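For clarity, every value in this text was computed on a predicted model and none was experimentally measured. First the proteins, then the strands, lettered A, B, ... as listed; each starts at 1.
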Protein chains: 2
Amino acid sequence: MKKSSHQRADQTRSRILEAAIREFSEHGLAGARTVAIAQAARVNKALLYYYFRDKEALYAAALEEVAGKVAESTLAVLDMTCSPGERMLRFALQHFDRILAQQGFQSLMQQEMIRFREGRNNALRILAKKAFEPMFRRAQTIAEEGIRSGELCDVDWMQMIYAALGANVFYFLSAPMVRMMGNGDPLELAAVSARRRTALEFLGQSIFADRRHGAVLARRVLAAVPMPDSLSPEKKTA
Amino acid sequence: MKKSSHQRADQTRSRILEAAIREFSEHGLAGARTVAIAQAARVNKALLYYYFRDKEALYAAALEEVAGKVAESTLAVLDMTCSPGERMLRFALQHFDRILAQQGFQSLMQQEMIRFREGRNNALRILAKKAFEPMFRRAQTIAEEGIRSGELCDVDWMQMIYAALGANVFYFLSAPMVRMMGNGDPLELAAVSARRRTALEFLGQSIFADRRHGAVLARRVLAAVPMPDSLSPEKKTA
DNA sequence: CTTCATTAATTGACCGGTTAGTTAAAAGTG
DNA sequence: CACTTTTAACTAACCGGTCAATTAATGAAG
C-alpha cells in the first residue's frame, strides 16, 4: 500500500481481480468458484484471502474495478467539446463499443442489477456512486442543453438515454437468442459492424429535431470513431 | 396424466413451479436453493424430485412455463387487425406491461441469456423455439409491411424491434440503480405510468415516417390500453 | 356402505460430495 | 527484516439428491 517497492504484489492483486471479473461475470456470485479464480490468476487459493476478506469482498472489489473503468472512459466522451447532439451520439456509440469490447463487464453489471431485487445489502451502491451517478448527471445536462438549444427533440431527457443505451444493451443481451433462431450470428464481425452503424443512424433519426441534421451528424461520428478491432476480446481458455 | 382425477397433484406441481420461478429468477440457477423452493411451495424437499428429475430439470420446466405464457400473450397482440404501425406500438406497450407485471419472468430470461455465454448445453433452446422465434418472425413481417406501405421509417426492421423493446428492458433493468441515485423510485406507480406514456410517445416519434401520424397513433393506443393496476405483483413474503 | 388392497402423493431423516474459508509452516524476494 | 507466495492438509457448513416409511386417494369386492 505505502511503498511502491513491491510492485509484484500489486501485479498479482490485479491479476486476481482480472480473473475474478471473468469468473464472476460468467457464473455469477453464487456460481463462481474460488479455486477457478485462483487457477486463472495462476495463484494459490489461500492468496485470495490474503488480499480479500472473503468471496463477497472480492466480488465487490471486482465490481468497483469495473465501475472505475467504465466511468472514466464514459465521462471522457461526455465532456468533449462539441454540440450536445453530437456528444449524445458519441455517448451512445462509445456505450456500444464498450459492451462489445468488454462483455464481461456488462454481464457483471447486469447480474448485479438482477441480484439487487433480493433486497440484500449488496455492492450495487458502489456502482451507483462511482460510475452511474456522475454519468447520468452529466448526460442529463447535455440532453437538456440540446433540447433548450433546439437541436434535440423536446422529449423527456431520460427517454433519450433509455433509447440510446437500451437498444445497445438489448442487442447484446438478446444475441444468443437471436443466434439460436438461425438468422445468422449477431456477434459476427460483419453483423456487429452493421448493427453499430444502423443503431447510430437510427438514433440520429429519432432524437434530433431536424432528422437531416441528425443523419449528417451520425455519419460524421461514425467516420470519426472506428470500431474497436478486438472482436471477442475475452480469451477462450477452455 | 390420463385422468383428471388427481387434481391435488397437478395443483402442488404448479405450486412448486411457481415457487421455482420466483427462486430461480431471484437467485439464478446456481444461487437458488432447493429447500427454499420447497418451503415456498409449502412442500417437502423430496417432493421436488418426485415431480422433476433434478434441479436443472426443474429449472428447464420453469423456463418453459414462462416461455409459454409470454409467447401466448405476445402473439395475440401481434395478430391484431390494425395497421402495422399500430401493431408495433401495441407490441411495445404490451412488452412494457408484461415486464411490469411479471418481473420475475423477465429476470429469468435475462439470466438465462447471460448464462448462455458459459457455453453450457442449457435450456435457452426452449425459450428460443417456443417463444422468441415465432414472436420475432411475426414482428419482422409486420415491420417490413409497415415500411413497404410507407407508414414506418425505412430503417432496418431489426432496429425497430431493438428500439421498441430495448428501452423497456433497460428501464426496468436500470431501475434499482436509478433509485439508488436518489432521483426518486422509478418503480413507483407514478413514475412507471409516466415512463410508459413517454416511451410509447417517443416510439411514435421515432419509427414512423410521419411523426404527427405516429404521435396520434401513440395517443390512441395509450388510451385504448390501460396500464395493469397490479403494481409490484410479486408478493413480498419477507 | 364398509373393507381392504393397490396406487399415488408426501414426508423426515440421512448421505456423500462440494466448497468457502482456515491454519501453520516454510520458502522466496526486494 | 518485512512482505509476498506456496503448500497441503483440514473443518465446518452447506446442499443436492436418495430412500424407506407414512399418509391419502382410488376402486373393487363383499
Side-chain angles (χ1 to χ4, degrees), chain A residues 1-63 111 115 118 120-123, chain B residues 1-63 111 115 118 120-123:
Chain A
M1 288 293 178
K2 299 174 183 178
K3 302 179 180 180
S4 64
S5 52
H6 303 289
Q7 320 121 309
R8 190 164 108 267
D10 296 359
Q11 192 182 340
T12 19
R13 201 191 123 100
S14 67
R15 222 170 55 234
I16 291 174
L17 260 169
E18 207 177 312
I21 290 173
R22 268 263 278 288
E23 177 77 5
F24 282 131
S25 70
E26 285 176 4
H27 304 285
L29 173 58
R33 302 295 137 198
T34 55
V35 266
I37 296 175
Q39 281 175 358
R42 301 188 309 276
V43 146
N44 191 278
K45 189 183 70 153
L47 201 60
L48 302 187
Y49 297 90
Y50 176 76
Y51 283 106
F52 304 95
R53 197 179 346 100
D54 54 16
K55 195 188 187 186
E56 220 163 326
L58 179 54
Y59 182 73
L63 272 181
Q111 286 191 36
R115 203 169 79 93
E118 302 176 25
R120 293 249 178 80
N121 52 331
N122 50 34
Chain B
M1 287 293 179
K2 300 173 184 179
K3 303 180 181 181
S4 64
S5 48
H6 300 291
Q7 320 119 312
R8 185 160 118 272
D10 296 0
Q11 193 181 340
T12 20
R13 201 192 123 99
S14 67
R15 223 171 52 235
I16 291 174
L17 222 48
E18 207 176 311
I21 290 172
R22 268 262 281 288
E23 177 76 5
F24 282 130
S25 71
E26 286 176 4
H27 304 284
L29 173 58
R33 300 298 131 186
T34 54
V35 266
I37 296 175
Q39 281 175 357
R42 301 189 309 279
V43 145
N44 189 279
K45 189 183 63 151
L47 201 60
L48 304 186
Y49 297 89
Y50 177 77
Y51 284 105
F52 305 94
R53 194 178 347 100
D54 54 15
K55 196 188 189 186
E56 219 163 323
L58 178 55
Y59 182 72
L63 272 182
Q111 285 194 35
R115 201 170 80 92
E118 303 176 22
R120 293 248 179 80
N121 52 333
N122 50 36

Novice: Any chance you could measure D54(A), atom CG, to L48(A), atom CG, to the nearest 0.5 Å?
Specialist: 11.0 Å
Novice: Look at T34(B) and dC15(D) and indicate whether a side-chain polar atom (N or O) is within less than 4.0 Å of OP1 or OP2.
Specialist: no
Novice: To the nearest Å, how far apart are R13(B) CZ and dA8(C) C1'?
Specialist: 15 Å
Novice: Which listed nucleotide (dT5(D), dT11(C), dT22(C)) is nearest to the side chain of L47(B)?
Specialist: dT11(C)
Novice: So if I take every side-chain heavy atom of A46(B) and compare against dT5(D), dC19(D), dT7(D), which nucleotide ends up nearest?
Specialist: dC19(D)
Novice: Which one, dG17(D), dG12(C), dT6(D), comes nearest to the side chain of N44(B)?
Specialist: dG12(C)
Novice: Just N and O in the side chain of Y49(B): are any of them under 4.0 Å from OP1 or OP2 of dG17(D)?
Specialist: yes
Novice: First locate atom CG of L29(A), then atom CG of L58(A), and finally report the distance between them rounded to the nearest 0.5 Å.
Specialist: 9.5 Å
Novice: Give a yes/no on whether any side-chain N or O of T12(B) is located under 4.0 angstrom from OP1 or OP2 of dA9(C).
Specialist: no
Novice: Counting any heavy atom closer than 4.0 Å, what does A38(A) reach on the DNA or RNA strands: base, sugar-phosphate only, or nothing?
Specialist: nothing
Novice: Send over the distance from L48(A) CG to dT19(C) P, rounded to a whole Å.
Specialist: 15 Å
Novice: Given atom CD1 of I37(A) and atom P of dG21(C), what is their separation to the nearest angstrom?
Specialist: 10 Å
Novice: R42(A) near the nucleic acid: base, sugar-phosphate alone, or nothing, with a heavy-atom cut-off under 4.0 Å?
Specialist: sugar-phosphate
Novice: Just how far, in rounded Å, is C1' of dA20(C) from CZ of R53(A)?
Specialist: 14 Å
Novice: Rounding to a whole Å, what distance do you find between L58(B):CG and dG17(D):C1'?
Specialist: 13 Å
Novice: Measuring from the side chain of K55(B) (C-beta onward, heavy atoms only), which nucleotide among dT7(D), dG21(C), dG17(D) has the closest atom?
Specialist: dG17(D)
Novice: What's the closest nucleotide to the Y50(A) side chain, out of dC3(D), dA20(C), dA9(C)?
Specialist: dC3(D)
Novice: Calculate, to the nearest 0.5 Å, the distance between atoms CG and CZ belonging to L47(A) and R15(A) respectively.
Specialist: 9.0 Å
Novice: Which atoms form the tightest heavy-atom contact between I37(B) and A19(B), and what is the distance?
Specialist: O-CB, 3.6 Å
Novice: Measure the spacing between OH of Y49(B) and CG of N44(B) and express it to the nearest 0.5 Å.
Specialist: 11.5 Å
Novice: What's the CD-C1' distance between Q39(A) and dT7(D), to the nearest Å?
Specialist: 15 Å
Novice: Students often get this wrong, so: under 4.0 angstrom with heavy atoms, is A30(B) touching a base, only sugar-phosphate, or nothing?
Specialist: nothing
Novice: So which nucleotide from dA9(C), dT19(C), dT5(D) ends up closest to the side chain of Y51(A)?
Specialist: dT5(D)
Novice: Classify the side chain of D54(A) and the base of dG21(C) as holding, or not holding, a donor-acceptor pair under 3.5 Å.
Specialist: no
Novice: Donor-acceptor pair under 3.5 Å: do we get one between K45(B)'s side chain and the base of dG12(C)?
Specialist: no
Novice: With rounding to the nearest 0.5 Å, note down the distance linking CZ in R33(B) to NZ in K45(B).
Specialist: 11.5 Å
Novice: F52(A) has an atom CZ; how far is it from atom P of dA20(C), in whole Å?
Specialist: 16 Å
Novice: Does R33(A) place a side-chain N or O at less than 4.0 Å from the phosphate oxygens OP1/OP2 of dT18(C)?
Specialist: no
